[in-house]
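Written out below as structure tokens is the structure these notes cover.
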Protein chains: 2
Amino acid sequence: MARKLPQGPLSASCPTRLLLDQIANKWAVLVLMAVRDEPVRFNELKRTVEGISQKVLGQTLQQLERNGLVERQVWSLKPIAVAYAITPHGRGLAEIVEQLRAWAVQTLGRTQSAQARFDARQARPPSVRVHRA
Amino acid sequence: MARKLPQGPLSASCPTRLLLDQIANKWAVLVLMAVRDEPVRFNELKRTVEGISQKVLGQTLQQLERNGLVERQVWSLKPIAVAYAITPHGRGLAEIVEQLRAWAVQTLGRTQSAQARFDARQARPPSVRVHRA
DNA sequence: CTGAATCCTTGCGGATACTG
DNA sequence: CAGTATCCGCAAGGATTCAG
């Protein structure tokens with residue numbers, strides 16, 4: 001026997017899938033990295049990440065908090081103040097993401113030349129893909 | 001002056017953004033890992049990843065090839081045969097992704113308990129997020 | 001077998017408005 | 001300030017068809 005696995009190798013049961021469902025979107029990663037060094041307030045976070053909407057930021061923070069990657073800290077001041085801090089758990093993930101970032105920087109040139117080569121070979125006329133002709 | 005930077009810290013100019021635009025979707029990562037060990041044919045890949053549509057698989061492969069992460073190999077047999085192999089460049093990325101996978105496995109229990117705690121605290125009554133409808 | 005092209009549905013995510 | 005709720009456009013992506 002030995003092959004008890006119901007699905008194929010990369011089915012939903014693979015923990016990689018579970019992980020990817022959590023952090024496979026850039027916003028989650030960016031927010032995680034944004035709170036990596038110190039607790040950050042909501043609006044400051046919104047300004048830092050820059051480009052994220054407040055709705056998505058809220059969703060992302062809830063998701064990150066649910067997964068135990070960030071922690072929500074509340075100070076009941078006159079105007080309520082909330083900050084989000086990375087957890088030890090989240091820090092572990094952030095370190096790996098940091099490696100990804102380092103790799104991206106390090107291989108940036110290679111990536112760009114590969115893209116240029118591919119685009120030239122395919123002779124794509126416009127800069128990018130103009131979905132609708 | 002001196003602040004020539006148009007945007008903030010995590011703007012689009014950050015290489016992290018460039019990386020995330022490439023691999024922030026689970027399909028790209030899954031396909032990359034699927035071809036990590038050996039060249040894989042198209043339909044075999046479609047079966048391996050399991051859940052991916054042929055359209056998205058094609059798009060993902062083109063994207064990965066464009067970024068120099070995988071290489072397209074063609075054998076002009078009677079019925080055409082094509083296989084996709086990981087490149088040295090892609091292997092570097094795959095190794096980091098492998099760390100992610102290891103981290104996910106290693107911290108799986110912690111993640112689940114964190115989620116359970118969060119869900120209990122929020123007292124989400126019905127089936128929380130039912131991934132599919 | 002390996003794709004490209006079309007259609008069409010889903011839901012992500014942006015903008016806006018409202019509450020505490 | 002810190003969110004939640006609503007509306008809605010648009011693009012990702014699933015199913016299907018056609019081509020090499």
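Sequence lines set the chain letters: A, B, ... in the order given, protein chains first and strands last, and positions in each chain run from 1.
- In this structure A:K26 satisfies the salt bridge (charged side-chain N to carboxylate O under 4.0 Å, His left out) test together with B:D21, sequence neighbours excluded.
- Listed by first and then second residue, the salt bridge (Lys or Arg N to Asp or Glu O under 4.0 Å) pairs involving residues 99-118 of chain A are A:E98-A:R101 (not counting sequence neighbours).
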What donor-acceptor contacts under 3.5 angstrom involve side-chain atoms of residues 29-38 of chain B, with partners at least two apart or in another chain?
none

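- Summarising the geometry, the separation between CD on B:E65 and C1' on C:dA4 is reported as 15 Å, rounded to the nearest angstrom.
- Considering CG of A:L100 and CG of B:L100, their distance stands at 5.5 Å, rounded to 0.5 Å.
- Residue B:R72 places at least one side-chain N or O closer than 4.0 Å to OP1 or OP2 of C:dG3.
- One interatomic measurement links the two molecules: CG of B:L57 to C1' of D:dT16, which rounds to 17 Å at whole-angstrom precision.
- Identified under the salt bridge (Lys or Arg N to Asp or Glu O under 4.0 Å) test for residues 84-93 of chain A, with sequence neighbours left out: none.
- Regarding B:Q62, its CD atom lies at a distance of 15 Å from the P atom of C:dT2, rounded to whole Å.
- Rounded to whole angstrom, the span from the CH2 atom of A:W75 across to the P atom of D:dG3 amounts to 12 Å.
- Contacts of A:R41 classified as salt bridge (charged side-chain N to carboxylate O under 4.0 Å, His left out), with partners at least two apart in sequence or in another chain: none.
- With a 4.5 Å cut-off on side-chain heavy atoms, A:V40 and A:K46 do not count as touching.
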Letter by letter from the 5' end, nucleotides 13-20 of chain C scores (B base, S sugar-phosphate only, - none; protein heavy atoms under 4.0 Å) BBBBB--B
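- Across the protein-nucleic acid pair, A:L64 atom CG and D:dG3 atom C1' stand 16 Å apart, rounded to whole Å.
- Annotation: side chain to side chain donor-acceptor pair (under 3.5 Å) contacts of B:Q99 (sequence neighbours excluded): A:Q99.
- The end-to-end axis angle of the helix from C:dC1-D:dG20 to C:dG20-D:dC1, rounded to 10 degrees and based on five pairs per end, is 40°.
- Not counting sequence neighbours, the partners of A:E65 by the salt bridge (charged side-chain N to carboxylate O under 4.0 Å, His left out) test are B:R121.
- Residue pairs meeting the ring-ring contact (aromatic ring centres under 6.0 Å, His included) criterion with at least one partner in residues 80-117 of chain A, sequence neighbours excluded, are A:H89-B:W103, A:W103-B:H89.
- Rounded to an integer number of Å, the gap from CZ of A:R47 to C1' of D:dG3 is 15 Å.
- The distance from atom NZ of A:K46 to atom P of D:dA2 is 12 Å, rounded to the nearest whole Å.
- Looking at residues 37-45 of chain A, you'll see that no heavy atom sits under 4.0 Å from any atom of DNA chain C.
- Annotation: side chain to side chain donor-acceptor pair (under 3.5 Å) contacts of B:Q115 (sequence neighbours excluded): A:N67.
- In this entry the distance linking CG of B:L61 with P of C:dG3 reads 8 Å, nearest Å.
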